[in-house]
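Take a look at the structure below.
Per chain, numbering begins at 1; letters A, B, ... match sequence-line order. Only this structure's heavy atoms are used, side chains among them; waters, hydrogens and symmetry mates stay out.
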Amino acid sequence: MRVRFAPSPTGPFHIGGARTALFNWLFARHHGGKFILRIEDTDRKRYDPDSLRLLLDGLRWLGLDWDEGPEVGGPYGPYFQSERLHLYQYWANWLVEQGHAYRCYCSEERLEALRQQQLAAKQDPGYDRHCRNLTPEERARLHQETGGQFVIRFKMPLDGETTVHDLLRGDITFDNRQLQDLVLLKSDGYPTYHLANVVDDHLMAISHILRAEEWISTAPIHKHLYDAFGWEMPQIAHLPVILNPSGKGKLSKRSVAFSEGGRKIPVLVHEFIEGGYLPEAVVNFLTNIGWSFGDDREVFTVQETIERFDLSRVNPAGGAFPIEKLDWLNGVYIREMADDELARRLLPVFEKAGYPVDLERMRRVVPLIKVRIKTLNDALDMAGFFFTPSFTPPPAEEIVQKGMDAASTKAALQAAADRLAGLPDFSAKAQEEALRALAAELGLKTGQLFGALRAATTGQQVSPPLFETMEVLGREEALKRIRRAIAQL
RNA sequence: GCCCCCAUCGUCUAGGGGACCAGGACGUGGCCCUUUCAAGGCCAAGACGGGAGUUCGAAUCUCCCUGGGGGCACCA
């Protein structure tokens, strides 16, 4: 079995594309087949040089390794369509010679005028097959007049029906009269998607096509192309589309999408990377859209997915992008990760945010924040204060707790500092014992005393547990922060 | 407008004629735990779009309607 992912480098790598790639990859890995990456760079107008890097980086980040394609080569190369132009030209001309296609000399202006006319007359827009039945004389004259500028169009059957078998949906029948004499080869010598895709899938011996639902309407077109070539069409399945979280419109339509709360949700693979998501969580998440593991399980490894993945559990219905589930799932993966591993992954995040990184300290911080973060980036807000070189205490109003004033807070912090300074050991346990006793002596609620200390030492209202935090900070640093807070009251 | 696809809790889904007064998960609400915030535990609310038909029996099969989505380029 040979499957392919064939993206077009015309923009950033989209999560919908990643899902298609993932399903193809899973299919190949499950069946012991090959996963081919082919770059369909035939649109010179929309070509975006950054997108290839984004694509390759994204695939690698997700762990979707390809057996043939860019950077790895393979026996069916080249894997960039722009390097295969001679093949498309050869096969397009072959179709012309065989009478399955023809040269069309119509100008863009004529096509545009035709379209306007059809629209005005409330007719379906489409090419009127003007050049399909030219006499050799007319053909020669037009060739002369246009200076040999032409496109090659496919001769679509004028009547009858075409049935395509979809692995997920069964037989789908189309009326041939709906089909156009579409362009196979553009006037710049580049192929259109239809030609290049069919030629390459055949030449690369692709056995199964797993592509997004939005391609369904091109299936009969491709079927006719395969028939004209006398080639066998690969087995085909159309994966359900992913809709916006609102369920309105497909996700890939715009690169900016918003959830109900108005939060901008990531839709580009690099946004997930930069957003602090874990690739294993994203893969698990994507796997659950349109496919289910069974046994009421939602969390599972890629290995388990590979073992179980097949088309029979793919749901043909499109659905909304359940982004809030990714946050939960990412949190699950973070909590299940070994502390050491998490520390290692957190380092570059802190480094990028401008904090001086320190693996030793990070190892000690991780157990305190692990259950409190959903993304790696969350750690910045939760634990940045551990790494701030010159920590500044927050303003007085953030230190003074409910039911207290500056004077009582100052006194309480001073007393706490004295107790902490006098502790034989600075363990969280020893601190807690001493400070609970102190709170009782001062007639304060634990929340009042601990809250003031929390604000003083972390600068935050929300933080990891206070005593563990101070233990990691170290007695010297903790006391320093408390004293600076006192000075500010 | 034309063609095509799809239809179970708000969302992702399980379900393949009786095992379904429909199961799981996210989210939401409540309680417990608790120095904040989480995590965790327990509990709760919450769906088969509508109508015909087939059948002893339909979430499951058929048809119609409705709704949603996709496609109609010298873009992929």
For the [atom1] atoms, the ones on [N] and on [M], what distance do you get once it is rounded to whole angstrom?
{"N": "B:C63", "M": "B:U54", "atom1": "C1'", "result": "11 Å"}
{"N": "B:G46", "M": "B:A38", "atom1": "C1'", "result": "26 Å"}
{"N": "B:C26", "M": "B:G40", "atom1": "P", "result": "8 Å"}
{"N": "B:C65", "M": "B:G71", "atom1": "C1'", "result": "23 Å"}
{"N": "B:G29", "M": "B:G49", "atom1": "P", "result": "27 Å"}
{"N": "B:C42", "M": "B:C6", "atom1": "P", "result": "40 Å"}
{"N": "B:U60", "M": "B:G16", "atom1": "P", "result": "12 Å"}
{"N": "B:C43", "M": "B:A7", "atom1": "C1'", "result": "32 Å"}

Provide, to the nearest angstrom, the distance between the [atom1] atom belonging to [X] and the [atom2] atom belonging to [N].
{"X": "A:Arg436", "N": "B:U34", "atom1": "CZ", "atom2": "C1'", "value": "9 Å"}
{"X": "A:Leu466", "N": "B:C37", "atom1": "CG", "atom2": "P", "value": "14 Å"}
{"X": "A:Glu213", "N": "B:G68", "atom1": "CD", "atom2": "C1'", "value": "11 Å"}
{"X": "A:Leu368", "N": "B:A38", "atom1": "CG", "atom2": "C1'", "value": "13 Å"}
{"X": "A:Gln81", "N": "B:C74", "atom1": "CD", "atom2": "P", "value": "18 Å"}
{"X": "A:Glu161", "N": "B:C4", "atom1": "CD", "atom2": "P", "value": "9 Å"}
{"X": "A:Glu433", "N": "B:U35", "atom1": "CD", "atom2": "C1'", "value": "16 Å"}
{"X": "A:Ile221", "N": "B:C72", "atom1": "CD1", "atom2": "C1'", "value": "9 Å"}

From C-beta outward on [X], which listed nucleotide comes closest to its side chain: [options]?
{"X": "A:Val462", "options": "B:C6, B:U11, B:C37", "value": "B:C37"}
{"X": "A:Leu111", "options": "B:A76, B:C74, B:C12", "value": "B:C74"}
{"X": "A:Gln178", "options": "B:C6, B:A38, B:C3", "value": "B:C3"}
{"X": "A:Ile289", "options": "B:U36, B:U13, B:A14", "value": "B:U13"}
{"X": "A:Lys374", "options": "B:A38, B:A7, B:U35", "value": "B:A38"}
{"X": "A:Glu324", "options": "B:C12, B:C26, B:A76", "value": "B:C26"}
{"X": "A:Thr446", "options": "B:U35, B:C6, B:A76", "value": "B:U35"}
{"X": "A:Arg372", "options": "B:A14, B:C6, B:A38", "value": "B:A38"}
{"X": "A:Val151", "options": "B:G69, B:A76, B:C74", "value": "B:C74"}
{"X": "A:Asp43", "options": "B:U13, B:C75, B:G27", "value": "B:C75"}

Look through every strand shown and name the nucleotide pairing with [N] as Watson-Crick or G-U wobble, where both distances are under 3.5 Å.
{"N": "B:C72", "answer": "B:G1"}
{"N": "B:C61", "answer": "B:G53"}
{"N": "B:U34", "answer": "none"}
{"N": "B:A19", "answer": "none"}
{"N": "B:G46", "answer": "none"}
{"N": "B:G10", "answer": "B:C26"}

Indicate whether OP1 or OP2 belonging to [N] is found under 4.0 Å from a side-chain N or O atom of [X].
{"X": "A:Asn315", "N": "B:A14", "result": "yes"}
{"X": "A:Thr42", "N": "B:A76", "result": "yes"}
{"X": "A:Lys186", "N": "B:C75", "result": "yes"}
{"X": "A:Arg335", "N": "B:G40", "result": "yes"}
{"X": "A:Ser217", "N": "B:C4", "result": "no"}
{"X": "A:Arg46", "N": "B:C74", "result": "no"}

Search all heavy atoms of A:Thr469 against all heavy atoms of A:Thr458 and return the closest pair with its distance. CG2-CG2, 3.9 Å
Classify the ring geometry of A:Phe450 against A:Phe467: parallel below 30°, tilted from 30° to 60°, perpendicular beyond 60°. perpendicular
So, for [X] and [Y], is the gap between ring centers shorter than 6.0 Å?
{"X": "A:Phe321", "Y": "A:Phe285", "result": "yes"}
{"X": "A:Phe309", "Y": "A:Trp291", "result": "yes"}
{"X": "A:Tyr226", "Y": "A:His202", "result": "no"}

Under 3.5 Å, is there any donor-acceptor pair linking the side chain of A:Glu298 to the base of B:G24? yes
Donor/acceptor link under 3.5 angstrom from A:Thr10 side chain onto base of B:C75: no
Taking the six-membered ring of A:Phe23 as reference, does the NZ or CZ atom of A:Arg19 fall below 6.0 Å from its centre and within a 45° cone about the axis? yes
Are A:Arg153 and A:Tyr127 in a cation-pi setup, meaning NZ or CZ lies under 6.0 angstrom from the ring centre and within 45 degrees of the ring axis? yes
Taking everything shown except A:Asp159 itself, do over 12 heavy atoms lie less than 6.0 Å from its CG? no
